[in-house]
Amino acid sequence: MSADNCRGNVSVPLRNLLNSIQCIRDRVRDGEANESDGAFNLSNFWDTLNQAVKAVSQEATKLSLAFSKPPLPSQQDGEKLAESILKSVLTLSTVYYWLPKSQGVSMRRQVRDATVEVLEGVAQLVEVILSSPLQSLTQEQLTSTGGVWSACDQFVELPRDNKAAVLVVLSAQIGVVKDAIEEIEQALSEAQDPFSDVLDDDQEGGEPRGNQDTYWSDQDRRVIGPCQGLMKASAACMRKMMSAVKANGGVTTPQNVSQLDDLADIAKEISPGVDDLALCLYPPMDYGGVEDNVSKLAALLKKVLEIIRSSHVCGESELTWVQFLDGAVDHNLQKAKDLIQQDS
C-alpha cells in the first residue's frame, strides 16, 4: 500500500474524530446543566472531573506520539486511537454536565470555559495532525500538544466553590477599574498640554494656539475632579465588596449561592461604566456626554450598594462603608452636575 493510500485511510477516523469533538465542544459551550433533585457531592465532582481531564491529556499525548514518526498507524490502529480519545472527551463533557446551576453560575461558567478550552485544544491538535506531513513531528504539532496540556493543567487552579469563583470575578474587575483610574491620573499629571511636543512646530512666536481640542482647559479639569471621585468610589466599592465576600460569603444555601452570583454579575457592569466615563473625559470634552456617563455610573453604583446591603455578605460593619460610599456617590454626582451646568 502506498504512503498516500495509507495516509488517506488513517485520515478518515481522524476527520470523523474532529467533527465529533467540534460538536461536543459546541454543545458544552451553549448547553444547559442537568438539574437534579438529589444531593450533589461537590468534592466527588471535582475528583471525577480531574480524573477525566487527566485522561484527555494522556489520550492527546498518545495521539500526538502515534503521528510523530514513521511508521504511520494502520487504519485499524487509527480507529482505535480515535475511539479512545473520543471516549475521554465524551467523559469529560459528561462530568461537566453533572455540575448544576444550583452550585453557582459563576463557578459553572469558569468550569465550562476551561472545559471548552480543553476541547478546542484537542480539536486543534487533530487538525494539525491532519494538515501536517504524517511522518514527521512538526513544531505546530508540538505546540498544539503543549496547548492541550496547558488547558488541562489549569483545572487544578479553578475555584472549588461559588464563593471562590465570585472572588476570581471581582479580582479581575478590580484590576480593570484600577487601570482606568491610573490612566486618567497619568494623563492629568503630564504637561498642561499633553500634545505640545507634537504641535510646537505649528506654532509661531508666542501666539496662543487656536486649536485647544487636544488638551484640557482649567474648566475641564474642574469638571474632571468629581468624575475621578466617582471612579475612585467605584474602585472602593469593588474592594469592599470583595472583602465582604471573603469574610461573609456563604455557599451552604441556594439563596446565598444565588446572591453571590448577583454580586458577580453586577460587578461586571462597573468596569464598562468606569471605562465609558474615563473615555469621555479626554479632550475635547463633551460636557453633555460627561454628564450622561456620570449619571449612569452613579445610578449603577447606587444599585450595586443596594444589592450588597440586601445580601448575606453585608453585616453591621459592612453597613458603615455601604452608607459612606452611598453618600460619596451622591456628593460626586451633584458636584459634577453643578460644575457642568455652571461652565456650560
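Side chains included, hydrogens not; waters and symmetry mates left out as well; all remaining heavy atoms used.
No more than 12 heavy-atom neighbours from other residues, nucleotides or ligands sit within 6.0 angstrom of CD on Gln76. Within a 6.0 Å radius of NZ in Lys87, no more than 12 heavy atoms belonging to other residues, nucleotides or ligands are found. Enclosure of atom CD in Gln186 is not indicated, since only 12 or fewer non-hydrogen atoms of other residues, nucleotides or ligands lie within 6.0 angstrom. Heavy-atom neighbours of Lys302 NZ from other residues, nucleotides or ligands within 6.0 Å: above the threshold of 12.
Separation of atoms CG (Asn332) and NZ (Lys232) is listed at 10.0 Å; rounding is to 0.5 Å.
The side-chain contact (heavy atoms from CB on, under 4.5 Å) test with Leu17 is passed by exactly one of Ile85, Ile129, Leu130: Ile85.
Residues Leu277 and Met231 share a closest heavy-atom pair of CD2-CG, 3.9 Å. Taking both residues in full, the closest heavy atoms of Glu269 and Leu300 are given as O-CD2, 3.2 Å, listed atom of the first, atom of the second, then distance.
Among residues two or more places apart in sequence or in another chain, the ring pair (Phe, Tyr, Trp, His ring centres under 6.0 Å) test is passed with Phe155 by none.
Under 4.0 Å is where a charged nitrogen must lie from a carboxylate oxygen, and between Lys80 and Glu83 no such pair does. The existence of a salt bridge linking Arg29 and Asp26 is confirmed by a sub-4.0 Å separation between a basic side-chain nitrogen and an acidic carboxylate oxygen.
Without hydrogens or angle criteria, Ser310 side chain to Ile307 main chain gives a donor-acceptor distance under 3.5 Å.
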In a table with atom names and distances, give each donor-acceptor pair under 3.5 Å that connects a side chain of residues 254-262 to protein atoms at least two apart or in another chain.
from: Asn256; atom 1: OD1; to: His312; atom 2: ND1; distance (Å): 3.4
from: Gln259; atom 1: OE1; to: His312; atom 2: N; distance (Å): 2.8
from: Gln259; atom 1: OE1; to: His312; atom 2: ND1; distance (Å): 2.7
from: Asp261; atom 1: OD1; to: Val105; atom 2: N; distance (Å): 3.4
from: Asp261; atom 1: OD1; to: Ser106; atom 2: N; distance (Å): 2.9
from: Asp261; atom 1: OD1; to: Ser106; atom 2: OG; distance (Å): 2.7
from: Asp261; atom 1: OD1; to: Asn162; atom 2: ND2; distance (Å): 3.0
from: Asp261; atom 1: OD2; to: Val105; atom 2: N; distance (Å): 2.8

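Connection of Met241 to Val176 is not established within any shared hydrophobic cluster, with ILVMFWY side chains joined at heavy-atom distances below 4.5 Å, either directly or through further cluster members.
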